Amino acid sequence: MTQVSGKYGEFLSEATIAPAGSGALKGKTVGLKDLLLTADIAPTTAASKILEPFQAPYQATVVEKILAAGAEATGKTNHDEFGMGTSNENSAYGPVSNPWDMSRVPGGSSGGSAAGVAARSFDIALGTDTGGSSRQPAAFCGVVGLKPTYGRVSRYGVVAAASSLEQVGIFSVDVADAAKTLQVIAGQDPRDATTVDRPVPDYPAGLTGDVKGLRIGLPKEYFIEGIQPEVAAAVEQVADDLKAAGVIVSEVSLPHTKYGIAAYYIIMPAEASSNLARYDGIRYGHSDQSGETLEDVYLDSRSSGLGAEPKRRIMLGTYALSAGYYDAYYKKAMQVRTLIREDFDQVFSKVDLLLTPTAPTTAFKLGEKADDPLELYLNDVFTVSANLAGIPGISVPCGFDKAGLPIGMQLMAPQWGEEQMLRAAHAYEQQHDWHTKRPGGKNG
Amino acid sequence: MKLTKTEVEKIAKLARLKLSDEEISTYQGQLSDILGYIDQLNEVDTKKVVPTAQVTGQTNSLADDEVANEPRTEELLAGVPSTDGDSIQVKAVFKD
């Protein structure tokens with residue numbers, strides 16, 4: 001019986017897997033989001049009841065790679081069901097709380113991974129990032145969260161939510177560990193046809209500290225009203241700090257930014273409605289055989305096994321793809337996606353990196369937004385565009401608000417631009433000691 | 001964009017979800033709100049824009065047609081809810 005454990009609810013399982021070799025991650029412990037298939041240990045539940053009995057018959061490529069590099073996996077981490085959420089309040093097994101203030105959310109969907117690194121339950125963690133699910137909880141929990149370029153890291157053995165958007169995400173205490181981990185998990189995989197045959201640079205060696213002449217743009221559409229003022233101020237300070245290190249900072253424009261959430265919440269649910277069609281009670285997972293016909297098995301298994309948010313997104317996606325609505329919704333969203341990509345292509349001809357807040361606010365209270373799905377979607381406003389465009393992004397701690405809650409800044413690079421993204425992130429990080437702060441645990 | 005109860009029932013049927021009356025009503029409201037928000041995409045001129053389906057820049061990543069695995073029938077059947085020998089057993093499509 002899968003149960004939430006850990007002081008912050010960060011675990012769905014504390015089963016361990018010993019290292020399978022020795023390498024760059026020797027001595028490190030890793031938390032694995034429960035969307036990553038692990039053969040031999042624990043069920044892989046996707047934080048859903050519909051996979052509660054599911055013992056994976058194979059291991060995800062990224063899991064094989066980190067074990068081969070010497071890491072020890074010390075548990076499956078809690079998250080929003082099927083990666084759907086921005087607060088980790090949608091796990092079928094129970095929520096995760098933020099180690100900096102246990103009355104608040106850790107962010108989502110990879111809340112357990114982020115909270116666990118913040119609390120040092122494990123040294124690093126793997127999660128996923130479909131619309132911000134690694135970067136946003138990293139910001140809320142005061143740790144580093146990285147989403148690679150789409151196609152950089154294999155999705156083989158990662159439970160699929162939105163196949164054209166997602167990547168495995170990395171959580172760490174500092175940028176150096178994120179670079180080390182990316183080095184280990186990146187690379188083409190014959191078992192994932194969407195990975196790209198492109199050499200993996202030596203990311204750790206790229207952390208030279210030298211950012212002189214690097215051009216960083218602040219997109220004006222990311223500094224709008226409605227952002228918590230302390231968040232905007234902290235990110236503007238990041239720009240000043242980087243300028244002092246020789247970076248050339250300028251204002252840029254990504255005109256279609258405001259349509260990102262709308263496009264995302266058509267494309268993501270559409271792909272998810274297709275990806276979650278396999279959960280039918282026939283070949284694996286939870287099955288309700290109490291009805292008379294085959295269709296009853298589908299209806300009963302899915303209805304009792306899937307949570308409210310997956311059902312909501314499945315229905316949204318089904319509608320957007322259905323006859324008569326495909327052009328108005330799905331095709332339209334795909335066209336807006338092209339315009340968002342072109343916005344990035346445009347600005348990256350002028351600057352090397354973009355600097356933005358990761359999230360519009362710091363961590364909100366558990367339950368505060370839980371009744372309004374749309375309000376929860378809006379937490380992704382600064383992160384979804386990177387997924388739509390397939391570009392990498394990283395969230396790095398850059399301060400705290402008056403309530404002592406972490407603030408994250410986001411750097412984005414063009415596709416395959418992880419090197420300069422990590423170099424700038426590291427250079428900023430080393431000017432400060434945000435990454436050495438640990439939660440004292442208000443209310444915890 | 002307000003969805004009717006009939007539309008929600010139709011979507012649920014397509015998605016093979018069984019919903020209670022209360023759920024239909026709740027989802028009807030929430031989906032209508034979300035679709036209302038999404039309507040802003042109509043502000044964007046996309047007349048000449050080619051849709052993006054994927055962002056890898058790759059086409060037709062094919063593998064050689066070679067068998068690379070051993071059969072794992074028993075192992076894979078172990079997780080199947082209802083089996084008959086080496087087959088997955090399912091209920092009848094039609095009621096009698």
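Just so it is clear: chains get the letters A, B, ... in the order the sequence lines come, proteins before strands, and each one is counted from 1. These numbers were taken from a predicted model, which means no experiment stands behind them.
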* Structure fact -> Closest non-hydrogen atoms of D300(A) and K18(B), given as atom of the first, atom of the second and distance, are OD1-NZ, 2.7 Å
* Could you tell me whether the side chain of R341(A) and the main chain of T52(B) form a donor-acceptor pair under 3.5 Å? => no
* To do: Calculate, to the nearest 0.5 Å, the distance between atoms CZ and CD belonging to R337(A) and Q54(B) respectively.
  => 8.5 Å
* To do: Mind ranking V8(B), V44(B), N60(B) by heavy-atom pairs under 4.5 Å with chain A and telling me who comes out on top?
  => V44(B)
* Quick one: closest heavy-atom pair of Y37(B) and K258(A), and the distance? => OH-O, 4.3 Å
* To do: Please test T318(A) against L17(B) for side chain to side chain contact (heavy atoms under 4.5 Å, CB included), starting from the C-alpha separation and ending with a verdict.
  => CA-CA 11 Å; T318(A) 301; L17(B) 294 171; over 6 Å; no
* Structure fact -> Counting heavy-atom pairs under 4.5 angstrom with chain A, the leader among S82(B), A15(B), A63(B), A78(B) is A15(B)
* To do: Taking the side chain as every heavy atom from C-beta outward, state whether D39(B) and Y329(A) have any pair of such atoms under 4.5 Å apart.
  => yes
* Asked: Side chain, backbone, both or neither: which part of T195(A) has an atom under 4.5 Å from a heavy atom of chain B?
  -> backbone
* Asked: When only pairs under 4.5 Å are counted, which of L77(B), D33(B), L31(B), V93(B) shares the most heavy-atom pairs with chain A?
  -> L31(B)
* Asked: Of all of Q55(A), Q415(A), H256(A), H286(A), which one pairs up most often with chain B through heavy atoms under 4.5 Å apart?
  -> Q415(A)
* Measuring heavy-atom distances to chain B, does F54(A) have an atom under 4.5 Å in its side chain, in its backbone, in both, or in neither? -> neither
* Between V336(A), L388(A), I314(A), which residue shows the highest count of heavy-atom pairs closer than 4.5 Å to chain B? -> V336(A)
* Structure fact -> Highest number of heavy-atom pairs under 4.5 Å with chain B among S304(A), S303(A), G285(A), G291(A) belongs to S303(A)
* Measure the spacing between CD of E7(B) and OH of Y325(A) and express it to the nearest 0.5 Å. => 4.5 Å
* Structure fact -> Okay, D64(B) and chain A: the region with an atom under 4.5 Å from a heavy atom over there is neither
* **Salt-bridge criterion met for K13(B) and E295(A) (N-O under 4.0 Å)** => yes
* Check whether any side-chain heavy atom of D280(A) lies under 4.5 Å from a side-chain heavy atom of R16(B), and answer yes or no. => no
* **Heavy-atom contact with chain B under 4.5 Å, split by part of L321(A)** => neither
* Output yes when a side-chain donor or acceptor of K331(A) lies under 3.5 Å from a complementary backbone atom of P51(B), and no otherwise. => no
* Asked: Counting heavy atoms not belonging to K91(B), are there more than 12 under 6.0 Å from its NZ?
  -> yes
* To do: Return the minimal non-hydrogen interatomic distance between Q40(B) and A262(A), and the atom names on each side.
  => CG-CB, 4.2 Å
* Asked: In terms of heavy-atom pairs under 4.5 Å, which option from A277(A), A308(A), A328(A), S273(A) contacts chain B the most?
  -> A308(A)
* To do: List the atom of E23(B), the atom of K311(A), and the distance in Å for their closest heavy-atom pair.
  => OE2-NZ, 3.8 Å
* Asked: Hey, which of L35(B), I88(B), T26(B) has the most heavy atom pairs under 4.5 Å with chain A?
  -> L35(B)
* Structure fact -> Heavy-atom closest pair (T293(A) atom, F94(B) atom, distance to 0.1 Å) is CG2-C, 4.2 Å
* Asked: Do E43(B) and Y259(A) have a side chain donor and acceptor closer than 3.5 Å?
  -> yes
* D197(A) versus Q58(B), closest heavy-atom pair with distance -> N-OE1, 4.3 Å
* Heavy-atom pair count under 4.5 Å with chain B, highest-scoring of P373(A), P53(A), S164(A), G151(A) -> P373(A)
* Mind ranking L76(B), L14(B), V80(B), I38(B) by heavy-atom pairs under 4.5 Å with chain A and telling me who comes out on top? => I38(B)
* L306(A), I261(A), V297(A): which one forms the most heavy-atom pairs within less than 4.5 Å of chain B? -> I261(A)
